[in-house]
Number of protein chains: 2
Amino acid sequence: MSKTEQGRPPGTTTERTGHKAPTIRDVAREAGVSIGTVSKALNGAGALKAETRERVIGIARKMGFRPNDLAQSLHRGQSFTVGLISNDSFGRFTMPIMEGLERELAAERIAVFMSNATDDPERERQHIDQLMGKRVDGLVFTARRADRRPSLTTNVGDLPRLYVFSQSDDPDSFCLLPDDEGGARLATEHLIGLGCRRVAHVTGPEHFEAVRLRLKGYHDALDAAGLDPDPSRIIKGVWSEQWGREAIGILFADPTTAPDGIVCGNDQIGRGVLEALRDLKIPVPGSVRVVGFDNWDVMTEAARPRLTSIDMNLYDLGREAGRRIIRMIGGETFKGVLRLPCTLVVRESCGGTPNEHKGQET
Amino acid sequence: MSKTEQGRPPGTTTERTGHKAPTIRDVAREAGVSIGTVSKALNGAGALKAETRERVIGIARKMGFRPNDLAQSLHRGQSFTVGLISNDSFGRFTMPIMEGLERELAAERIAVFMSNATDDPERERQHIDQLMGKRVDGLVFTARRADRRPSLTTNVGDLPRLYVFSQSDDPDSFCLLPDDEGGARLATEHLIGLGCRRVAHVTGPEHFEAVRLRLKGYHDALDAAGLDPDPSRIIKGVWSEQWGREAIGILFADPTTAPDGIVCGNDQIGRGVLEALRDLKIPVPGSVRVVGFDNWDVMTEAARPRLTSIDMNLYDLGREAGRRIIRMIGGETFKGVLRLPCTLVVRESCGGTPNEHKGQET
DNA sequence: GTGAAAGCGCTAACAA
DNA sequence: TTGTTAGCGCTTTCAC
């Protein structure tokens, strides 16, 4: 353990200089006015002589005065905070969502508490408990889950709450999700539009709702084009590159029935598919066109050729979550499931004209 | 946009039923005792008849009473919150750190505000401002940065602050980092121990401090083994698979000087290296042994063969950050740079005996 | 136009 | 053993 730590030995307690933040009272004293006057000056409320107002503001600024939100919240009964509870251990999908959410909330001066429950109901309960103690104005749940999650047993009263990239089994809840079905339809339509007639679907475990929805989108697109769905071209496995590679072995076992297009359940599968095709020297997009799902740059850019994919626009999903929870805090009510559109990002693996990030919508 | 949203049309403001959280006063009234008594009962302070205590606690529980932390904090002058400011847009490296941090803090009943500054000094200033308003007890900064970051101009007084996976140019600051140098040394030693005599290093852009440190570790290991460092075997590029592939073209241009071991600057490079070697039908680990850096499962597991790598133990780094900031809040002072050990995780790409996650330490 | 004071929900020191 | 009360820092109503 190469510690280059300096500083006092552990245990040494140094008094911090502790010049604490000035209070409104300090400002009042300094300015020679009453507390009420300072408050009015700072909040632009009430009637005040312009000169007084500016003088007070100037002094407050000079003193580095910053109102104590805790006191303010206590008075107002609103804390200007929201709790975010993740069950994905802040995973890959959660990040852009958090980012979008935080951005919208920051604009309204609402701060976000993050907590990670990692699918442990007991930890989740504790976290919610703490957040309730902090008097958060709302609760946002997120996760990557195969299924709906049981609604929480903890009593959160009528606190606004919202599920994003996650679902609750409470029928009164409000859930924000990507339009998996539309995304898969978009991918399939795109391949069909490029001339594919034998489109396969290599996807993940069926117990994921997303798998079922994407499958439906795939089917619908085939139907709409009058193409027969061949069950042997739909294969389910896991969410890995390894599975993508294996799937090619299965699909191309009999060359006479081999697909000319493949819609993949995610980008890892997509990349595995591309690698296996490369090993077999089957030209992409010459003989087979491939589309992934997630538009995860780490995968799409490193694949050979680069992988066309469906973007779930999770950042936007997070932003929408932020806007909604703000409205819910404002008193509006939402319920049901709202699905936001996915986008097609074309790269070389499907032979279309690369569009990078403009994409058609579902 | 396939919205299955139900609920009231936007703008409709429904009054929430609004039975607000009971206060300590409500509990006191209900129990027929004074406020002070309730407080004592709940906090286990003072002397109270056991029977009263239990009766009060029971009533409080039944009423779903949860003390208002805001009021408590106002009184105590401590908010039991910490602000986390990320400049990595909650990136891949930030996640495990956040997780570890949050875990340690949650155990001490400290909640974490997350905010994302994405390298915009103005946003960072605003965030800090807000957090100061919320009277956070400490500030944790994190980021993936090439260089040290300028210390913040905003006045945060003597609030405890800590940098994790990130550095400040303020000499009084305290920074927590992985031991990049030791990690690279570990990787190089391992290859040498397996018999490699011509070990190459394919890494990222030199303006990253991590690149310079890892290079030093690599050099030290060669020195210690009495091996001559050949400058042509050290090549710097970017952090991508693409670069890893290109690097093989360079290193193997002249077969007579080709390396028999490669230490890669990260796992993406490592994977690119493995792919290119595979394309060239150069057996791994038969002819060349390869080690990556980051131990990012998405890369290490999908690579063929699976990639041996150095784990920076970011989750532990996050936990240490949590413990330290807690101590700093308690009054201790730390300064300087503390580097935590990296771990070697052996898989098939280097031909050792796979150890998965036990790993030797630096 | 400005000051005084009540009160947000809690803790802790002091009284009873 | 229990009750009373003065704040914590702020907002807001009501006097002046």
Side-chain angles (χ1 to χ4, degrees), chain A residues 18-57 59-60 63-81 109 130 132-137 157, chain B residues 18-57 59-60 63-81 109 130 132-137 157:
Chain A
H19 53 113
K20 0 185 343 188
T23 74
I24 196 172
R25 169 181 258 114
D26 298 328
V27 177
R29 187 171 11 239
E30 186 74 18
V33 295
S34 78
I35 291 183
T37 303
V38 176
S39 176
K40 281 166 209 157
L42 262 32
N43 300 322
L48 227 47
K49 200 160 45 171
E51 187 254 314
T52 320
R53 163 160 298 150
E54 294 182 3
R55 193 169 56 85
V56 170
I57 291 181
I59 291 178
M63 296 176 70
F65 172 73
R66 206 190 313 269
N68 184 332
D69 287 355
L70 266 39
Q72 208 163 311
S73 300
L74 185 58
H75 182 89
R76 295 223 257 246
Q78 233 215 32
S79 64
F80 282 88
T81 59
R109 323 220 63 220
Q130 261 200 46
M132 296 301 286
K134 297 260 187 293
R135 294 297 188 266
V136 293
D137 299 329
Chain B
H19 53 113
K20 2 187 339 190
T23 74
I24 197 171
R25 169 181 257 113
D26 298 328
V27 178
R29 190 176 2 245
E30 186 75 17
V33 296
S34 78
I35 290 183
T37 303
V38 176
S39 176
K40 281 167 210 158
L42 263 31
N43 300 322
L48 227 49
K49 199 159 47 172
E51 187 253 314
T52 320
R53 164 160 296 148
E54 294 182 3
R55 192 170 56 85
V56 170
I57 291 181
I59 292 179
M63 296 176 71
F65 172 74
R66 205 189 315 268
N68 184 333
D69 287 355
L70 266 39
Q72 209 164 311
S73 300
L74 186 58
H75 181 89
R76 296 223 256 245
Q78 233 217 33
S79 65
F80 282 87
T81 60
R109 323 218 66 220
Q130 259 199 51
M132 295 301 286
K134 297 263 188 290
R135 295 297 188 266
V136 292
D137 299 328

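Below, each value reflects all heavy atoms present in this structure, side chains not excepted, and no hydrogens, waters or symmetry copies. Residue numbering restarts at 1 for every chain, and letters A, B, ... go by the order of the sequence lines.
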Subject >> All salt bridge (charged side-chain N to carboxylate O under 4.0 Å, His left out) counterparts of R55(B), not counting sequence neighbours >> reply: E51(B)

Subject >> Test salt bridge (charged side-chain N to carboxylate O under 4.0 Å, His left out) applied to K40(B) - qualifying residues, sequence neighbours left out >> reply: none

**OP:** With sequence neighbours excluded, tell me which residues meet side chain to side chain donor-acceptor pair (under 3.5 Å) with T52(B).
**Re:** none

Can you name the atoms? Protein N/O to nucleotides 14-16 of chain C N/O, anything below 3.5 Å, with the distance.
none

Protein-nucleotide distance ([X], atom [atom1]; [N], atom [atom2]), rounded to Å:
{"X": "L42(B)", "N": "dA12(C)", "atom1": "CG", "atom2": "P", "answer": "13 Å"}
{"X": "R25(A)", "N": "dG3(C)", "atom1": "CZ", "atom2": "C1'", "answer": "14 Å"}
{"X": "R76(A)", "N": "dG9(C)", "atom1": "CZ", "atom2": "P", "answer": "15 Å"}
{"X": "N68(B)", "N": "dC10(C)", "atom1": "CG", "atom2": "P", "answer": "6 Å"}

Original post:
Partners of L70(A) by side chain to side chain contact (heavy atoms under 4.5 Å, CB included), sequence neighbours excluded?
Top reply: N68(A), S73(B), S79(B), R135(B)

Subject >> Listed once per pair and sorted, the salt bridge (charged side-chain N to carboxylate O under 4.0 Å, His left out) pairs that draw on residues 71-80 of chain A, sequence neighbours left out >> reply: none

Subject >> Inter- and intrachain pairs under salt bridge (charged side-chain N to carboxylate O under 4.0 Å, His left out), touching residues 24-33 of chain A, at least two apart >> reply: D26(A)-R29(A)

Protein-nucleic acid N or O pairs under 3.5 Å, nucleotides 5-7 of chain C:
residue, atom, partner, partner atom, Å
dG7(C), N2, H75(A), ND1, 2.9

**OP:** Just call it for S39(A): base, sugar-phosphate, or nothing, with non-hydrogen atoms closer than 4.0 Å on any strand.
**Re:** base

**OP:** May I ask you to say what D69(A) touches in the nucleic acid, namely base, sugar-phosphate or nothing, with a heavy-atom cut-off under 4.0 Å?
**Re:** nothing

Original post:
Between the two end axes of the helix from dG1(C)-dC16(D) to dA16(C)-dT1(D), each built from 5 base pairs, what angle do you get to the nearest 10°?
Top reply: 50°

Subject >> Within residues 48-57 of chain A: residues closer than 4.0 Å to DNA chain C (heavy atoms) >> reply: L48(A), K49(A), T52(A)

**OP:** Would you kindly compare A71(B) and S34(B) by the position of their nearest DNA chain D nucleotide and give the one closer to the 5′ end?
**Re:** S34(B)

Original post:
What are the bounds, 5' to 3', of the part of DNA chain D that sits under 4.0 Å from heavy atoms of chain B?
Top reply: dT1(D) to dG9(D)

